[in-house]
Number of protein chains: 2
Amino acid sequence: MNDERGAWLPQPGPDELDIGTVLQALADPTRRQIVALLDVVGEATCTSLDLPVKVSTVSHHMKVLRESGVVSTRVDGNTRPSRLRHADLERRFPGLLTSIIRATPVPSGSSTRSDDADDR
Amino acid sequence: MNDERGAWLPQPGPDELDIGTVLQALADPTRRQIVALLDVVGEATCTSLDLPVKVSTVSHHMKVLRESGVVSTRVDGNTRPSRLRHADLERRFPGLLTSIIRATPVPSGSSTRSDDADDR
DNA sequence: TGGACATTACGATGGCGATCGTAATTGGAG
DNA sequence: CTCCAATTACGATCGCCATCGTAATGTCCA
């Protein structure tokens, strides 16, 4: 009954972003790795990311990131590509996300799994 | 090495600041409140801060903040005033501390206990 | 229609950390 | 010297959360 193309999973509005919730989300190393990867590839799904945790855990982390307002998730068929809410975060917390990404080393070899890969 | 006049508690160097450690430290609400208060009063001791937790807990939080590189602590008699390492943090993570402080509301009435306040 | 795949809801578990009370240490004041 | 205040090390407790396995749901394709 929901044939809406371009559906988005529920997320806080740009003015509802809470610094505590955002920091708690970004405090986890795995979630920070997800953020760093998203910054590189632009958009990715849970299974496309090559992380040292199980997919169900990645899904959990993505939910935390979405509910905190760090990422937004789009419904596309049976996949849910997520991307960083770079503009919203920059407007609300200038420099925060950028500094974190810049200081978060991306483990070599962990890009994506040829889902929407960029290089090569 | 041992300058009796200006002793400092051990802390990471400016180039040893780790984004993960810093974020973990700033993820806690009480520690963020400490940071916000330090930004207002400039320098404060554990007992001078009026917080909803016991002094031993404040001391613990201050240690976490110091070991993460967020604050530096000076030895002054039998007290240890701490202050924000604003410059070091700004150089390493531009905008991070500023955004967090700006977005962290300071509960009204919780300044210091007239210990070393100099709010004009 | 049936099978393969992506996502996630759910429950269980193990570990980490925030908080406390207590005690020990140390410097300052009388 | 004696007392007090400040700090913190230590141990205990307890709640939260990262992670997992499993199962349920939904989509796409042959």
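All values below come from the heavy atoms of this structure, side chains included, with hydrogens, waters and symmetry mates left out. Being a predicted model, the structure only gives us computed values, none of them experimental. Order of the sequence lines sets the chain letters (A, B, ...), proteins ahead of strands, with each chain counted from 1.
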**Atom-pair distance (NZ on A/Lys54; C1' on D/dC17), nearest Å** = 19 Å
**Fill in**
Rounded to whole Å, CZ of B/Arg31 lies from C1' of C/dA18 at a distance of 8 Å
**Asked** Between atom CG in A/Asn78 and atom C1' in D/dT25, what is the gap in whole Å?
**Response** 11 Å
**A/Thr79 side chain near D/dT27 phosphate (N/O to OP1/OP2, under 4.0 Å)** = no
**Prompt:** If you check every side-chain atom of B/Thr57, which of C/dC20, D/dT8, C/dT7 has the closest atom?
**Reply:** C/dC20
**Message:** From CG of A/Asp28 over to P of D/dC16, roughly how many Å is that when rounded to an integer?
**Reply:** 18 Å
**Request:** Please check if A/Leu9 and A/Val64 belong to a single hydrophobic cluster, counting links between Ile, Leu, Val, Met, Phe, Trp and Tyr side chain heavy atoms closer than 4.5 Å.
**Result:** no
**Fill in**
Here the distance between atom P of C/dT7 and atom CZ of A/Arg66, to the nearest Å, is 12 Å
**Prompt:** Hey, is the side chain of B/Thr45 poking within less than 4.0 Å of OP1 or OP2 on D/dT7, counting only N and O atoms?
**Reply:** yes
**Fill in**
Rounded to whole Å, CG of B/Leu49 lies from C1' of D/dA6 at a distance of 13 Å
**Complete:** The reported gap from OG1 in B/Thr45 to CE in B/Met62 (rounded to nearest 0.5 angstrom) is 7.5 Å
**Item:** OP1 or OP2 of D/dA9 under 4.0 Å from side-chain N/O of B/Lys63
**Value:** yes
**Message:** Do A/Thr73 and A/Trp8 make a side-chain contact, defined as non-hydrogen atoms from C-beta onward lying under 4.5 Å apart?
**Reply:** no
**Asked** In Å, rounded to the nearest 0.5 Å, how long is the span from CG of A/Leu89 to OG1 of A/Thr98?
**Response** 9.0 Å
**D/dT8 phosphate, OP1 or OP2, under 4.0 Å from B/His60 side-chain N/O** = no
**Prompt:** If you measure from OG on B/Ser68 to CD on B/Gln11, what distance do you get to the nearest 0.5 Å?
**Reply:** 10.0 Å
**Message:** Quick check on C/dG17: is either OP1 or OP2 less than 4.0 Å from any side-chain nitrogen or oxygen of B/His61?
**Reply:** no
**Asked** Are OP1 or OP2 of C/dT7 and a side-chain N or O of A/Thr47 less than 4.0 angstrom apart?
**Response** yes
**Asked** What nucleic acid atoms does A/Leu9 come within less than 4.0 Å of, heavy atoms only: base, sugar-phosphate, or nothing?
**Response** sugar-phosphate
**Item:** Distance, rounded to the nearest Å, where A/Leu65 contributes CG and D/dC17 contributes C1'
**Value:** 14 Å
**Request:** Please determine if a side-chain N or O atom of B/Arg80 lies less than 4.0 Å away from the OP1 or OP2 oxygen of D/dA6.
**Result:** no
**Value in whole Å for how far the P atom of D/dA18 lies from CD of A/Gln33** = 15 Å
**Prompt:** How would you label the contact of A/Ser59 with the nucleic acid (heavy atoms, under 4.0 Å): base, sugar-phosphate, or nothing?
**Reply:** base
**Request:** Tell me whether the OP1 or OP2 atom of D/dC17 has a side-chain N or O from A/Gln24 closer than 4.0 Å.
**Result:** yes
**Listed nucleotide nearest any side-chain atom of A/Ser56, set D/dT7, C/dA9, C/dT19** = C/dA9
